[in-house]
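Chain identifiers are assigned alphabetically (A, B, ...) following the order of the sequence lines, protein sequences preceding nucleic acid strands; residue numbering begins at 1 within each chain.
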Amino acid sequence: MTDPQSPLPYRDTKPVGAADFYFAINATFRFLLERFGLDALRRYWTDLGTQYYAPLSIAWKERDLPGIAAYWRAFFAAEPGGQVEVHERDQEVVVAVAVCPALEHLRTDQREIVPCFCQHCYYVSEAIAAPAGFTVRVSGGGGSCRQTFMRREQAAAPQDLNEIREVTC
Amino acid sequence: MLGVYDFCGHYDWTFEWLRRTGGEALVRTYWEQAIAQDSQRHAAALIVPQGIAGMRAYWDHTLDHEAAGYHCVATDTVYRIDMFACPSQGFLVSNGLHHYHDYCDHCMGWVGPLMRTAGFVIDHEHNHAGRCWWEIRPAADTTPPSQPGGLAGEHDVRLLSDWLQPGGLDIYQRANGPDDKQPAAAGSVPPANGETP
């Protein structure tokens, strides 16, 4: 963590990121999907969560569920657009995405969105959460979803990928 | 969710993931296909039909949104950018991130092929410390790059006292891709007295 007081693992000088970078995220997914297939794309997402976001796993382990809630509040405050509420409860943190900032921007610019775009939220977050002793379940997708973070031992069943909708443009 | 607030961090990490997966060739293919042709199609839509006017429209929007420290000069025959505070490299440095061996090459990796398509060539240098300059001219124009201060005046990054860094400059002349980099040598050293030669 560059700033031990911040819930974000990395910090920028500008308060909100540049929305056009969502174009590159979507294009990166398409490049890997078309060239290497879905398994490789999922491996990229998992590696990203495990390696690039390793400092976040450490923070979540140290700060427990309040740290997870604080991260997502700070994260969405630094994303351009979107409508998101983060609910912190005794045994879980629920990230309720009413309007996904990424899909909103991609649609506004009439970009072709990879159908499995929303799966990255599960794979990246799970790779961050697992080393910290947590897991995530994602339901919905395509512009609005619900992401629930809980302790691994409290998860009733594995993530059902059918619960994550494919994106239609 | 992958965000854009720390995009430059996972972008840099992705270059190294690609290099480990498929070598430098895959990184270059990614810059050209995923970034130049897909992600940045809005840049191509402006620059290919409009040339220098399209460059102004694209970079005025993009560099403002990225909160860059920069200065641009446009004439009928050349478009020049002096970047004195690159927000992208600045993010990596301030967060202690350094996954890929030369993050700065990604700009030539996508801008170069786009300019080839649009009929332009690029003179460019970067110092790996958040500063660089670009001069983009029609491919048929053989005018050499300007001397320090000659086009951008006092905004020319080559006039800054810390332009030359221990790591050296990466130099491109009439380039259209990251592999057009010149062998490491003397760069465009600013005159000792700071005056325009």
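Within the 4.5 Å cutoff, side-chain heavy atoms of A:Phe36 are placed close to those of B:Leu26. With contacts defined as side-chain heavy-atom distances shorter than 4.5 Å, the pair B:Trp13/A:Asp47 qualifies. Two residues are said to be in side-chain contact when any heavy atoms from C-beta on lie closer than 4.5 Å; B:Val4 and A:Val16 fail this criterion.
Residue B:Glu154 qualifies as open at atom CD: its count of foreign heavy atoms under 6.0 Å is 12 or below. Around the CD atom of B:Glu24, the shell of radius 6.0 Å holds more than 12 heavy atoms that belong to other residues, nucleotides or ligands. Other residues, nucleotides and ligands place more than 12 heavy atoms under 6.0 Å from the CD atom of A:Gln154. The environment of B:Asp162 atom CG is dense: over 12 non-hydrogen atoms of other residues, nucleotides or ligands sit within 6.0 angstrom. Around the NZ atom of A:Lys61, the shell of radius 6.0 Å holds no more than 12 heavy atoms that belong to other residues, nucleotides or ligands.
Not one N or O on the side chain of B:Gln33 forms a donor-acceptor pair closer than 3.5 Å with the backbone of A:Phe31. Looking at B:Asn95, its side chain does come within 3.5 Å of a backbone N or O of A:Arg11 through a donor-acceptor pair. Not one N or O on the side chain of B:Arg41 forms a donor-acceptor pair closer than 3.5 Å with the backbone of A:Arg111. Judged by distance alone, the side chain of A:His120 and the main-chain N or O of B:Leu2 form a donor-acceptor pair under 3.5 Å.
Residues passing the salt bridge (Lys or Arg N to Asp or Glu O under 4.0 Å) test with B:Asp102 are B:Lys181, sequence neighbours excluded.
B:Ile47 and B:Val73 are members of different hydrophobic clusters when ILVMFWY side chains are connected at heavy-atom separations under 4.5 Å. Under the 4.5 Å side-chain heavy-atom criterion for grouping Ile, Leu, Val, Met, Phe, Trp and Tyr, B:Tyr79 is not connected to B:Val121 through any hydrophobic cluster. Residues A:Tyr122 and A:Val84 share a hydrophobic cluster, clusters being chains of Ile/Leu/Val/Met/Phe/Trp/Tyr side chains in contact below 4.5 Å. In the hydrophobic clustering of ILVMFWY residues, with side-chain heavy atoms under 4.5 Å counting as a link, A:Val138 and A:Val86 come out together. Transitive grouping of hydrophobic side chains (ILVMFWY, heavy atoms separated by less than 4.5 Å) brings A:Phe117 and A:Leu161 into a common cluster.
A:Tyr22 OH to B:Phe7 CZ: the interatomic distance, rounded to the nearest 0.5 Å, is 11.5 Å. Remark: A:Asp12 CG to B:Phe91 CZ distance equals 5.5 Å, nearest 0.5 Å. Between B:His42 atom NE2 and A:Phe23 atom CZ the span is 5.5 Å, to the nearest 0.5 Å. One distance of note links CH2 of B:Trp17 with CD of A:Gln51; it measures 10.0 Å at 0.5 Å rounding.
Of all non-hydrogen atoms in B:Ala34 and A:Ala27, the two that sit nearest each other are O-CB, 3.2 Å.
When heavy atoms are compared at a cutoff of 4.5 Å, A:Tyr123 does not approach chain B at all. Looking at B:Ile35, the atoms closer than 4.5 Å to chain A (heavy atoms on both sides) all sit in the side chain, from C-beta outward. Looking at B:His99, the atoms closer than 4.5 Å to chain A (heavy atoms on both sides) all sit in the side chain, from C-beta outward.
Of all the listed residues (A:Tyr53, A:Phe75, A:Tyr52), the one sharing the greatest number of non-hydrogen pairs under 4.5 Å with chain B is A:Tyr52. Of the listed residues (A:Phe29, A:Trp45, A:Trp72, A:Phe76), the one with the most heavy-atom contacts under 4.5 Å to chain B is A:Trp72. Among B:His61, B:His65, B:Met1, the residue making the largest number of heavy-atom pairs under 4.5 Å with chain A is B:Met1. Interface summary for chain A: among B:Thr21, B:Thr29, B:Thr62, the most heavy-atom pairs under 4.5 angstrom belong to B:Thr29. Among B:Cys8, B:Gly9, B:Pro87, the residue making the largest number of heavy-atom pairs under 4.5 Å with chain A is B:Gly9. Of the listed residues (A:Leu48, A:Val124, A:Asp20, A:Leu32), the one with the most heavy-atom contacts under 4.5 Å to chain B is A:Leu48.
Residue pairs meeting the side chain to side chain donor-acceptor pair (under 3.5 Å) criterion with at least one partner in residues 23-32 of chain A, sequence neighbours excluded, are A:Thr28-B:Tyr30, A:Arg30-B:Asp38.
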